[in-house]
Amino acid sequence: MHDLPVIELVHPLPGFPEHRRFALVQLDEDGVLCDLRSLDDPDLRFLVASPVPFFPDYAPVVGDDVVAELEIEDASDVLVLLVLTTGTSLADSTANLRAPVLVNTTTRRAAQVILDDATLSVAVPLAP
Amino acid sequence: MLVLSRRAGESVVVGDEITVTILEVRGDVVRVGIDAPRSVSVHRAELLAELASSNQGAASPPQEAVATLAEALRRRKD
């Protein structure tokens, strides 16, 4: 994972219709935790994480419409990020598995994609 | 809001490319079929509301919470 100075959301995040431009900033040396910082509002940021250390089997399947909108040509260009809701510890922090943020690192186009899988929750404990 | 009465099997056309068909009405449950281009996303309203609420709860976490999480991750790795 690496820093991306400007990411353009092709759809705003649900709940935040006014914010379309973000920067991705790595927070730890392993690149697991990142900040998704609004470029339009310095007070708005989201803590996001790679699913790999937490949910190694997580493999979101998206439709052709998402592939087209994000202009994905190669799956290896796509960064999968989970939006985290922090608690006071790892145990009471959760990740949104139902709607990951997908970033095309080549075109810098991104979206929070709602997966068509009702078994996935928007709040899954990070440390079950 | 446009309000229409429809029977099972009848449809409503929205614009040029979206057709909403009432498939079945049973008690207080209505099954609806939506035929739309792939570029038009169709979601249950309550899922979008749940997602908006989840995003609002996730927004701008306190710096201490982020630091605690980062530290817990480091400890877990060691």
Side-chain angles (χ1 to χ4, degrees), chain A residues 10-17 19 27-30 32-38 41-50 53-54 63-69 82-99 101 111-116 118 121-123 126-127, chain B residues 1-2 11-78:
Chain A
V10 297
H11 301 291
L13 297 176
F16 294 88
H19 301 84
L27 294 180
D28 59 9
E29 59 184 26
D30 298 329
V32 172
L33 291 180
C34 290
D35 239 357
L36 197 57
R37 294 180 187 161
S38 169
D41 176 356
D43 293 331
L44 180 65
R45 62 198 185 91
F46 294 91
L47 184 64
V48 296
S50 162
F54 306 102
D64 296 342
D65 51 333
V66 173
V67 172
E69 275 186 330
L82 303 177
V83 179
L84 304 187
T85 300
T86 58
T88 51
S89 68
L90 200 58
D92 59 6
S93 298
T94 61
N96 183 344
L97 264 55
R98 184 67 187 270
V101 173
Q112 186 172 30
V113 177
I114 303 175
L115 302 180
D116 190 19
S121 161
V122 300
L126 276 185
Chain B
M1 185 191 289
L2 172 66
S11 299
V12 172
V13 179
V14 181
D16 295 329
E17 297 183 296
I18 301 171
T19 303
V20 179
T21 304
I22 306 305
L23 300 173
E24 185 186 11
V25 180
R26 188 180 293 170
D28 61 355
V29 176
V30 179
R31 292 182 67 233
V32 177
I34 297 150
D35 191 7
R38 300 214 60 164
S39 58
V40 176
S41 59
V42 177
H43 296 292
R44 290 174 174 82
E46 59 270 28
L47 176 57
L48 282 175
E50 187 186 7
L51 194 49
S53 166
S54 170
N55 282 341
Q56 280 154 358
S60 305
Q63 198 52 52
E64 314 86 80
V66 175
T68 303
L69 200 60
E71 177 58 27
L73 270 179
R74 257 196 307 276
R75 276 202 308 271
R76 205 173 71 150
K77 198 179 70 167
D78 294 338

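Chain identifiers are assigned alphabetically (A, B, ...) following the order of the sequence lines, protein sequences preceding nucleic acid strands; residue numbering begins at 1 within each chain.
Considering V13(B), D35(B), V32(B) in turn, V32(B) is the only one that fulfils the side-chain contact (heavy atoms from CB on, under 4.5 Å) rule with V20(B).
Of the atoms belonging to T85(A), heavy atoms from both backbone and side chain fall under 4.5 Å from chain B. Both the backbone and the side chain of V122(A) come within less than 4.5 Å of a heavy atom in chain B. Contact of R37(A) with chain B is not made at all, since no heavy-atom distance falls under 4.5 Å. Proximity to chain B (any heavy atom under 4.5 Å) is restricted, for T88(A), to the backbone atoms N, CA, C and O. Heavy-atom distances place both the backbone and the side chain of L13(A) under 4.5 Å from chain B. Contact of D43(A) with chain B is made through the backbone alone, with heavy-atom distances under 4.5 Å. For chain A, the nearby parts of S54(B) are the backbone and the side chain; heavy atoms of each come within less than 4.5 Å.
With contacts defined as side-chain heavy-atom distances shorter than 4.5 Å, the pair V30(B)/I22(B) qualifies. In this structure, the side chains of L69(B) and L126(A) come closer than 4.5 Å at one or more pairs of heavy atoms. Side-chain contact between Q112(A) and N55(B) is present, with at least one heavy-atom pair separated by less than 4.5 Å. In this structure, the side chains of V48(A) and V83(A) come closer than 4.5 Å at one or more pairs of heavy atoms.
Nearest heavy-atom pair, P37(B) versus I18(B), reported as atom, atom and distance to 0.1 Å: CD-CG1, 4.1 Å.
In terms of non-hydrogen atom pairs under 4.5 Å with chain A, the most contact-rich of A70(B), A65(B), P61(B) is P61(B). Among E50(B), H43(B), E64(B), the residue making the largest number of heavy-atom pairs under 4.5 Å with chain A is H43(B). Comparing D116(A), T86(A), L27(A), D35(A) by heavy-atom pairs within less than 4.5 Å of chain B, the highest count is held by T86(A).
The number of heavy atoms from other shown groups lying within 6.0 Å of CZ (R31(B)) does not exceed 12.
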